[in-house]
Engineer: 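Take this structure first; my questions come after.
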Amino acid sequence: MRVKRAIVGDLITQGFQPGDHLTIEMLTARYNVSHMPIREALRQLQGEGILVSLAHKGFRIEALSARYIRNMYDIRAGLESMLAHRAAEKASAGDLEEIRTLHDKYAEAVRADNVAVSVPLNISFHDRIYAVADNPEAVQLLAARTLIVRTAAQSLDAYIPDDRRPIIREHASILDALVSADAGRCSRAVFDHLSNARDRLLGRMVKAGLLGERE
């Protein structure tokens, strides 16, 4: 997972360019790891459409397009909305207290402009909700699709105050629906949250010159 995140991070920060040719030997030297994690990372990125196999000659990097980002968020929205729906049906008082605590800590970190704390708390807030849904298969599917967009956001500093503060309100809406055990409203709140996150990320990518246009 670390190697995969590093490759995606290098693509986002333009250490790699679309069309670049990657080989296992080159990446082994770049990241100072053995062949096995490199092979696994390349296999996953090929499956996710970031790389194209060149038949015994390594891999070519594809462009990270607006269409690709939107498609990843469509997948996330479908899975995460379902998980939120289930969580609202299943959440215990103890679950809700833990989720509320994560929300409060996240809001505090954002208001203090503490990115090092707020980013993992944001992830923990969502992970705790989806754990309540008790669908590890869906969570596993979600993990691979989430990594690329999260890495892109972090590499582009997409968690600046102007982006983070609206997230407090969005998380509060999700939490309120959970507390009310309103599964439909919780699902919609997560869908809206992800739609906003998608638009924030696309805006950052356009500003960084990583997308030619908003397709």
Engineer: Tell me the closest heavy-atom pair linking A138 and M82, and the distance in Å.
Structural biologist: CB-CE, 3.8 Å

Engineer: When you look at CZ of F191, are more than 12 heavy atoms from neighbouring residues, nucleotides or ligands closer to it than 6.0 Å?
Structural biologist: no

Engineer: Let me confirm one number: the OG1-CZ distance from T101 to F125, rounded to the nearest 0.5 Å.
Structural biologist: 11.5 Å

Engineer: Decide, yes or no, whether a salt bridge links E170 with R200 under the criterion of side-chain N to carboxylate O below 4.0 Å.
Structural biologist: yes

Engineer: Check step by step if side-chain contact (heavy atoms from CB on, under 4.5 Å) holds for K57 and T23.
Structural biologist: CA-CA 7 Å; K57 295 181 180 179; T23 66; over 6 Å; no

Engineer: Holding to side-chain contact (heavy atoms from CB on, under 4.5 Å), I want the full list of residues that pass it with S34, two or more places apart in sequence or in another chain.
Structural biologist: M36, P37

Engineer: Evaluate whether atom CD of E25 has more than 12 neighbouring non-hydrogen atoms of other residues, nucleotides or ligands under 6.0 angstrom away.
Structural biologist: yes

Engineer: Give a yes or no on whether L51 and L54 share a hydrophobic cluster (residues Ile, Leu, Val, Met, Phe, Trp, Tyr; joining criterion: side-chain heavy atoms under 4.5 Å apart).
Structural biologist: no

Engineer: Atom CD1 in I50, atom CD in E62: separation rounded to 0.5 Å?
Structural biologist: 8.5 Å

Engineer: Quick one: do R165 and D113 make a salt bridge, cutoff under 4.0 Å?
Structural biologist: yes

Engineer: What pairs with H126 under ring-ring contact (aromatic ring centres under 6.0 Å, His included), at least two apart in sequence or on another chain?
Structural biologist: Y130, H171, H193

Engineer: Taking only residues at least two apart or on different chains, which pairs with a member in residues 117-130 satisfy salt bridge (charged side-chain N to carboxylate O under 4.0 Å, His left out)?
Structural biologist: D95-R128, E98-R128

Engineer: Would I38 end up clustered with V52 when hydrophobic side chains under 4.5 Å apart are linked, directly or stepwise?
Structural biologist: no

Engineer: Apply salt bridge (charged side-chain N to carboxylate O under 4.0 Å, His left out) to D20 and list each qualifying residue two or more places apart in sequence or on a separate chain.
Structural biologist: none

Engineer: Looking only at heavy atoms, what is the nearest atom pair of Q46 and S53, with distance?
Structural biologist: NE2-CB, 3.4 Å

Engineer: Once you round to the nearest 0.5 Å, how far does CD1 of I129 lie from CD1 of I99?
Structural biologist: 5.0 Å

Engineer: Could I get the full list of salt bridge (charged side-chain N to carboxylate O under 4.0 Å, His left out) partners for R30, not counting sequence neighbours?
Structural biologist: D10

Engineer: Closest approach of L83 and A133, non-hydrogen atoms and distance?
Structural biologist: O-CB, 3.3 Å

Engineer: Does the side chain of I75 come within less than 4.5 Å of M72's, by heavy atoms?
Structural biologist: yes

Engineer: Decide if atom CZ of R100 counts as having more than 12 heavy atoms of other residues, nucleotides or ligands within a radius under 6.0 Å.
Structural biologist: no

Engineer: Can you name the side-chain contact (heavy atoms from CB on, under 4.5 Å) partners of R43, sequence neighbours left out?
Structural biologist: E40

